[in-house]
Amino acid sequence: MRLVLALLLMLAAGPAFAQSPMRAEVLSLAVNGVIRPEIAGFKGRASGLESAMGALCAVPSEATLSVARQQFGLAATAYGRVEFIRIGPLMEDNRADRLLFFPDRKGIGLRQVQAILAEQDVTVLDAAGLYGKSVAVQGFGALEFVLYGTGAEALAAAEGSFRCRYGQAIAHNIGSIADQLAMGWYRKGGVAEHLTRPVQENADYRTETEALEELVGLVSHGLEAVRDTRINPFIAQGEVAAKPKQALFWRSGLTMAMVGANLEGMETLVSVSGMARAVGEADVGLDNSIGFEFSNAHRALDLITLPVEEAVLDPKQVAALSYLVILTQSLQAQIGEQLAFALGLSVGFSSLDGD
Amino acid sequence: MWQRRAFLQAAGVGFAASLLPKQLAALERSELVFASSVQTASGGYGAVLLGERGDLIASIDLPDRGHDITISREAGRGVVFARQPGTFAVVFDPSGRAAPVTLTSVEGRHFFGHGVFSPDGRLLYATESDFEAAQGVIGVYDATDGYRRIGEFPTYGTGPHEMLLMADGVTFVVANGGIETHPDYGRAELNIETMDPSVVFIDRRDGRLVGQLRLDAGLHQLSIRHMAVDARQRVWFGCQYRGAATERPQLVGYATMDGEIKLIELPPETLGSLRNYVGSVAVSANSHRLAISSPEGDLLVTVDTEGKRPVLVDTLRNGCGLAADGDGFVATSGEGAMIGIAGAEREPKRFDFLFDNHMLRVG
């Protein structure tokens with residue numbers, strides 16, 4: 001009976017793939033061709049942000065403030081490309097939340113940042129002091145308020161000194177975390193090795209199938225997170241009016257740039273790793289379909305040109321936002337369901353997390 | 001055990017009378033009845049009642065994805081709760097005589113997918129979220145008055161998941177998973193850094209907190225979610241870990257009304273295969289065995305409840321639903337499989353619908 005059962009389950013389990021060179025290549029390309037270089041890219045941008053904040057504090061002016069803001073955008077969107085990679089070093093030591101605590105539904109982070117600025121709390125100015133504070137005052141969300149929030153104009157002159165030094169401390173923290181991420185992805189015996197050379201002794205990934213499940217799951221969950229935390233919360237829903245101030249980075253106008261970076265990061269992982277090409281003959285069109293849907297998402301993003309508080313009032317841009325929501329659903333179904341099934345992965349109905 | 005005769009009595013004569021001959025034959029062959037939420041072949045959602053051999057006895061349609069089911073023979077009704085953060089629960093008559101009634105969560109609350117009836121079937125209780133306050137509540141519904149919501153109790157924690165009624169008939173045990181969610185943000189988990197899961201015992205007569213148990217502070221990211229009570233009134237629970245994947249904390253434990261809470265030791269290879277995720281737990285009819293499932297690891301583990309050690313490991317792709325079946329268990333999968341494990345002799349079956357995470361043994 002055991003044999004019959006095993007046979008039955010195997011037959012019904014969809015395409016059963018053994019360990020294959022193609023899968024090994026997908027895993028290797030995902031780590032070496034995408035994740036490591038993207039994390040290195042973020043590290044570089046974080047370093048640029050740190051320098052720019054240093055320059056702003058040393059020589060406060062409109063020009064240095066403008067450069068700091070520009071570097072903020074570059075660093076934030078570089079993180080946007082990798083923030084869906086919620087495994088390995090990003091998930092240690094609360095780094096994901098320390099880099100970007102969002103959504104902050106009750107605005108706790110904002111109040112904490114305002115209190116730090118109002119009280120000129122000098123304990124946040126050194127790395128150890130900042131590390132001991134709430135995650136919400138340590139990362140991009142807090143720095144956006146420093147650079148763009150009420151009172152940010154003081155940064156261009158000497159009276160913004162404390163505010164600037166706090167921003168500099170945050171930038172330094174972001175830079176340190178980026179360094180730790182980069183080191184983590186090159187650590188001997190670390191996540192990169194486990195993903196690309198899964199063995200039974202690993203606590204996390206013991207087979208190529210488990211490693212692939214993780215990567216496909218990251219994209220599927222990443223798409224869900226973009227929809228549920230970066231778009232849906234601020235667009236109008238039925239009778240409920242739009243709430244543009246619920247949008248991430250509405251102050252800096254980077255809301256949609258961040259969504260674009262998120263989607264680009266996921267698209268790059270799918271396309272460069274070739275995960276959607278490592279399928280059987282019946283599913284050869286899937287890679288193309290996924291690519292087509294990502295292109296549609298970029299076209300929709302290109303239509304959203306206004307700052308979010310104006311975009312939610314413009315019928316064409318509202319339509320583009322709604323279409324983006326649909327595209328994330330469609331991409332999630334293509335990747336989390338169709339691709340997962342085509343690869344014979346267990347990312348199915350019962351295993352969606354959280355229940 | 002609610003066997004066929006008792007089921008017929010509970011459902012009333014109309015139940016058998018209303019069945020098609022094939023369904024009646026299915027019930028005649030059945031000693032046990034199982035219930036589960038499902039996804040249908042066409043992609044829709046529903047719930048099914050199955051006989052002991054897996055014969056489909058009845059099904060109902062649901063507006064969206066369901067989760068757990070509770071049935072009261074005293075009330076003559078079953079209830080399917082929407083998967084969190086769902087806003088509906090469907091009350092159905094297993095006999096098919098009365099049309100299903102859909103309950104909608106009240107403003108500011110959503111369901112968490114689990115609930116129980118009072119022993120006399122007059123009240124229905126459901127785990128819900130007061131999402132603005134990020135606090136769990138138990139919604140209380142009057143089954144004798146159209147399931148009108150007549151009040152609520154706090155669960156003394158965030159993200160309550162499964163709730164059960166202890167054998168004394170007055171004490172609830174609730175698993176506060178500790179994870180804050182809000183409908184504005186879908187299923188995004190908003191408080192991973194500050195999670196505070198607990199097992200609580202609550203007096204169902206007045207909502208009084210009888211006791212609250214927490215694991216070590218270092219395990220605050222271990223979300224306690226599903227439970228089963230054995231004959232000694234130990235509450236066995238299964239957890240899902242929200243910390244780093246490289247960490248493999250123990251995932252299974254038990255709590256008692258005397259204030260004991262303990263994790264049992266599963267060996268590293270078993271823990272590795274569970275992938276930090278227990279989807280369902282069940283205790284066997286004789287209370288000697290506990291089964292836990294991990295649809296993420298395709299694994300079913302049977303534990304000796306006295307020795308507190310695993311005795312059997314089975315694999316089932318996407319396996320999650322578990323219910324007592326003889327001395328062993330029936331297990332179901334998100335790919336439509338139904339098998340017996342740990343001594344439950346049954347032919348494996350495969351359906352054209354996909355089972356949701358939980359399988360209820362009726363009775």
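Chain letters run A, B, ... following the sequence lines, proteins first and then strands; every chain starts at 1.
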Any non-hydrogen side-chain atom of B:Thr127 less than 4.5 Å from a side-chain atom of B:Val174?
yes
In terms of heavy-atom pairs under 4.5 Å with chain A, the winner among B:Glu180, B:Glu193, B:Glu162 is B:Glu193
Quick one: what part of B:Ser273 sits under 4.5 Å from any heavy atom of chain A, side chain, backbone, both or neither?
both
Check each atom of B:His114 against the heavy atoms of chain A and say whether the ones under 4.5 Å are side chain, backbone, both or neither.
neither
Can you check whether A:His194 and A:Tyr205 have ring centres sitting under 6.0 Å from each other?
no
Do B:Arg275 and A:Glu210 meet the salt-bridge criterion of a basic N to acidic O distance under 4.0 Å?
yes
Can the positive tip of A:Arg36 be found less than 6.0 Å from the middle of the six-membered ring of A:Tyr186, inside 45° of the ring normal?
yes
Is A:Phe101 in contact with chain B via its backbone, its side chain, both, or neither, using a 4.5 Å heavy-atom distance?
side chain
Part of B:His67 within contact of chain A (heavy atom distance under 4.5 Å)
side chain
Quick one: which of A:Val135, A:Asn202, A:Ile87 has the most heavy-atom pairs under 4.5 Å with chain B, could you say?
A:Val135
Looking at B:Arg109 and B:Glu132, is there a salt bridge between them, counting it only when a charged N and a carboxylate O are closer than 4.0 Å?
no
